[in-house]
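Taking it in order: structure first as C-alpha cells, then the write-up.
In this text the structure is predicted, and so the values were computed from the model without any measurement. Lettering of chains follows the sequences in order, A, B, ..., and the numbering in each one begins at 1.
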Amino acid sequence: MAFDRGLFEAPATEVAPLLLGGLLEVDGVLLRITEVEAYLGIGQDPGSHAYRRQGPKNSTMFGPPGHLYTYFTYGMHVCSNVVCSPQGQASAVLLRAGEIVDGIEIARMRRATSRTDADLARGPARLTVAMGIGLADDGADLSSSRVRLTLPVAASAFETSQRTGVSGPGGAPEFAWRFFLPGEPSVSPYKAWVPKKR
DNA sequence: CATTAGATCGTCT
DNA sequence: GACGATCTAATGA
C-alpha cells in the first residue's frame, strides 16, 4: 500500500492500531510491527513527553505527521516513534516491538547480545538498535528518507492494555493505549510500573 | 521463572 | 539533585 500521509493526521490513539502489521524498512532490514503505544499532546496525557510544553527534547513531536521522532533516554537508549495528528498537536506512536522479516543477519550483528531472534526487536530500545536507527534520524520523513514505513492493507486483530513502564498517572488504567498483536513472540510481557525503592 | 541492581546523562525542578 | 516511554547480567527459587 502506498504511503498515505492523511492517515497520520489522526490522534495517536487512532493511528496506533493501524500500525500493527505494518512494515518498517531501513537499508534492507525489514520489520513487521507487533506492539505499539500511543501518546497524546499538551495537557491530555500525563505519560507523554509533550504533556507540559514544547522544548528541545520533544520538538519533533510538534512537527508534521508521518515523520520519525527519536529520543534519548536513561542515559543510553534511543527509542523510535511515528508523529501523528496535525502539526502542533504533538501526538506520537512509540514503536515497542516487532519481528524482523528480512535482513535478519544484519539485525543479529547489531544485537549480538540477543539469544533468540524474537528478542532482536522486543522492546523499544532494542527495536531501534536492530533497525540501525539513531538520533540522526530524528525528524525523518517516513515516506522519503532512509527510514520507510508502509501500513498493512487490512487491519489486524489486536488487543490492548495499560502502557508499560510509564510512571505516575500516565500509567493509570484510563490510559490503556498499548496495542499489540496477540500470540506474537516478539511482544514484550506487560510490566506494571512500580515505584523505585529507597 | 522472578527479582534486583547498576549503567549513564539530558532535561526539568 | 532527581528521574526517566530501558536493558542486561547476576542471583535465587
If you only use heavy atoms from C-beta on, which nucleotide in C/dT8, C/dA5, B/dT11 is closest to the side chain of A/Pro56? B/dT11

Considering heavy-atom distances to DNA chain C, does A/Ser80 or A/Arg111 have its closest nucleotide positioned more toward the 5' end? A/Ser80

Reckon A/Thr73 has a side-chain N or O less than 4.0 Å from the OP1 or OP2 of C/dA5? no

From CZ of A/Arg122 over to P of C/dA5, roughly how many Å is that when rounded to an integer? 21 Å

Looking at A/Phe3 versus A/Phe8, is the centre-to-centre ring distance below 6.0 Å? yes

Let me see the working for A/Asp137 and A/Thr70 under side chain to side chain donor-acceptor pair (under 3.5 Å), right down to the final yes or no. CA-CA 7 Å; A/Asp137 297 300; A/Thr70 58; over 6 Å; no

With no hydrogens and no angle check, do the side chains of A/Ser188 and A/Glu35 hold a donor and an acceptor under 3.5 Å apart? yes

Which nucleotide sits closest to the side chain of A/Arg96: B/dT11, C/dA5, C/dA9? C/dA5

Judged by each residue's nearest nucleotide on DNA chain C, which is more toward the 5′ side, A/Val166 or A/Arg126? A/Val166

Based on Watson-Crick and G-U pairs with both distances under 3.5 Å, what dot-bracket line describes DNA chain B 5' to 3', crossing pairs as [ ] and inter-strand pairs as |? |||||||.||||.

Under the criterion of centre distance below 5.5 Å and interplanar angle below 30°, is A/Tyr39 classified as stacked on the base of C/dA5? yes

Are side-chain N/O atoms of A/Ser143 and A/Arg5 paired as donor and acceptor at under 3.5 Å? yes

What about the rings of A/His49 and A/Tyr71, do their centers lie closer together than 6.0 Å? yes

Nearest heavy-atom neighbours spanning A/Ala130 and A/Arg110: O-NH1, 2.8 Å

Need one value for A/Arg52: base, sugar-phosphate or nothing, where a base atom within 4.0 Å counts as base even if backbone is also close, heavy atoms only. sugar-phosphate

Please pick, from C/dA5, C/dC7, B/dT11, the nucleotide with the shortest atom-to-atom distance to any side-chain atom of A/Leu94. C/dA5

Would you kindly give the NE2-to-C1' distance between A/His77 and B/dG10, to the nearest whole Å? 15 Å

Mind checking the P distance from B/dT3 to C/dA5? Whole angstroms is fine. 22 Å

Would you kindly give the OH-to-P distance between A/Tyr51 and B/dC12, to the nearest whole Å? 16 Å

Within this structure, what is the CZ-to-P distance between A/Arg163 and C/dT6, rounded to whole angstrom? 11 Å

Assess the side chains of A/Ser80 and A/Thr128: does a donor N or O sit below 3.5 Å from an acceptor N or O? yes

Any N or O donor-acceptor pair under 3.5 Å from the base of C/dA5 to the side chain of A/Tyr71? yes

Among C/dA9, C/dG4, C/dT6, the nucleotide that comes nearest once only the side chain of A/Ser167 is considered: C/dG4

Taking CZ from A/Phe72 and C1' from B/dT8, how many angstroms apart are they, rounded to a whole number? 7 Å

Sub-3.5 Å donor-acceptor pair from the side chain of A/Glu37 to the main-chain atoms of A/Thr164, do we have one? yes

Using a heavy-atom cut-off of 4.0 Å across all strands, would you classify A/Gly165 as base, sugar-phosphate, or nothing? sugar-phosphate

Atom CE of A/Met76 and atom P of B/dT8: how far apart are they, to the nearest Å? 6 Å

Please state how far atom CG in A/Asn58 lies from atom C1' in C/dG4, giving the value in whole angstrom units. 14 Å

Interatomic distance where CG belongs to A/Leu120 and C1' belongs to C/dC7 [whole Å]: 14 Å

